[in-house]
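One structure is given below, encoded as structure tokens.
Just so we're on the same page: letters track the sequence lines, and every chain starts at 1. Only a predicted model underlies this, so the values are computations on that prediction, with no experimental measurement involved.
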Amino acid sequence: MRARCFSCQETFETDRFGTQKCPSCGAEVYLPDPAAPPPVVAAPPPPAPPPGWGPVPPGAVPPPTEQPAPFAERAHRGFLASYLETWKLAALDPIRFFRQVRVDDTRSAVLFGAIALTIGNWVALVVSYLSASATMSFVAQITRRMHGRVDTLPLLQAMGGLTLKSLVAQLVATPVMVVVGLYLTAGLFHLLLLVVRGAGRGFPATLTVVGYASGIMLLRALPVCGGLVAVVWFIVAAVHGLSEAQRCGSGKAAFAVLGPVALACLCACLAGLVAGVAGVTGLGGLPGLDGGTPPQGTGI
Amino acid sequence: MAARGPRTFGHAEVYAAVFALSFAVARFAPWLALGQGCPFRALTGVPCATCGMTRAFVRLAHGEVAAAFGVSPLGALLAAAAWLFAVAAGIRLALGLSWPEVTPAAARRLALLGGVALLANWAFLVVAEGP
């Protein structure tokens with residue numbers, strides 16, 4: 001066959017493919033074999049994992065090593081910036097966040113959750129107080145229009161005393177109570193994880209999840225539906241978080257988080273059944289509905 | 001609970017502080033005077049699994065042991081255990097001792113025992129105070 005050198009443009013005869021020297025200028029000439037399979041192009045390596053908690057590009061492998069939460073590095077990241085970044089990760093990307101977050105810095109997690117819970121509770125309390133004040137004003141107007149025919153003074157006194165006193169007391173007690181609540185919630189979740197052998201990484205992992213997931217409770221500050229949204233969102237984030245942080249699977253995590261709720265519902269169904277059977281058979285009924293005597297004690 | 005170096009303030013000490021706070025509230029705050037009731041019991045007439053816990057804590061904090069066990073045996077035991085744990089944590093901190101090791105298997109057995117105790121206590125409450 002005839003080939004042409006790309007260096008000197010001279011043609012020459014050859015009987016093989018591959019790399020060979022040009023007889024005119026001595027330059028190396030490569031003649032590809034048309035019957036040979038196409039050369040294998042090595043697949044490009046996946047993009048390197050991004051440093052820190054930045055977004056993972058499509059196809060990239062997330063960094064396998066654990067890293068501290070942005071809020072744990074608030075000293076050099078800035079308090080507000082690190083708080084917001086951690087909030088976004090825990091609320092919007094809980095699977096990745098709790099998979100990678102280090103669980104040995106529980107103080108940061110507790111502080112993170114305590115701040116969110118405190119602010120959320122404070123705003124909710126103030127909103128409740130303002131709502132009660134508006135209700136009192138409304139009731140007072142009705143009283144005036146009824147020319148005193150309805151005695152609403154005890155109601156007004158009760159609402160005024162309760163709201164004012166309880167507002168101040170709860171505002172003061174909230175920071176302590178939220179820390180207590182965080183530890184009790186984590187303790188309850190961890191006990192249930194122990195029952196199903198799902199607490200392989202110990203209590204710090206559970207407390208870390210509860211602390212960072214409680215950041216969602218900041219939504220309690222939203223009036224009307226904020227509390228409900230916050231609770232549902234927290235449950236979802238806590239299930240994902242425990243599943244990833246404890247490496248226990250979502251089933252065990254859901255048992256730990258939803259177990260108390262499911263148990264309460266089961267108890268309610270059983271108790272309702274017992275009460276219904278008792279009412280039908282004449283042994284008693286619901287207190288207050290059948291004129292019977294309410295049970296002794298307050299029940300708390 | 002892993003044994004740790006002496007005079008460290010970890011999770012166990014936080015729980016000890018919470019338990020000590022529960023004693024202070026039960027002993028000095030007029031908790032029962034608030035008149036809060038159990039919504040579950042108000043709805044169904046049947047006590048819930050944790051009914052009587054608050055009263056048991058308050059009664060025991062006032063030294064009324066029999067009354068505490070009467071309203072909720074598990075509540076009384078829980079209160080006693082929690083406050084003993086708080087005292088033990090204080091002693092440990094003062095003397096620089098270490099916590100005993102609790103293996104995961106032992107912790108799991110304790111958690112299961114707690115669940116069984118809760119159910120047994122609920123059965124007691126239903127029989128003693130139910131409809």
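For A/P68, the side-chain contact (heavy atoms from CB on, under 4.5 Å) test picks out A/A72, A/E73, A/R102, with sequence neighbours left out. Residues satisfying the ring-ring contact (aromatic ring centres under 6.0 Å, His included) test with A/F71, not counting sequence neighbours, are A/F79, A/Y83, A/F112.
Neither the backbone nor the side chain of A/V179 comes within contact range of chain B; no heavy atom of the residue lies under 4.5 Å from a heavy atom of that chain.
Contacts between residues 17-27 of chain B and chain A, counted as heavy-atom pairs separated by less than 4.5 Å, involve B/V18, B/L21.
Proximity of a side-chain donor or acceptor of B/Y15 to a complementary backbone N or O of A/Y183 within less than 3.5 Å is detected.
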Please tabulate, one pair per line, all N/O donor-acceptor pairs under 3.5 Å involving side-chain atoms of residues 184-205 of chain A, not counting sequence neighbours.
unit_1	atom_1	unit_2	atom_2	d
A/T185	OG1	A/G181	O	2.7
A/H190	ND1	A/T206	OG1	2.9
A/R201	NH1	A/A245	O	2.7
A/R201	NH2	A/E66	OE1	3.4
A/R201	NH2	A/E66	OE2	2.3

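One distance of note links NE2 of B/H11 with CG of A/L207; it measures 5.5 Å at 0.5 Å rounding.
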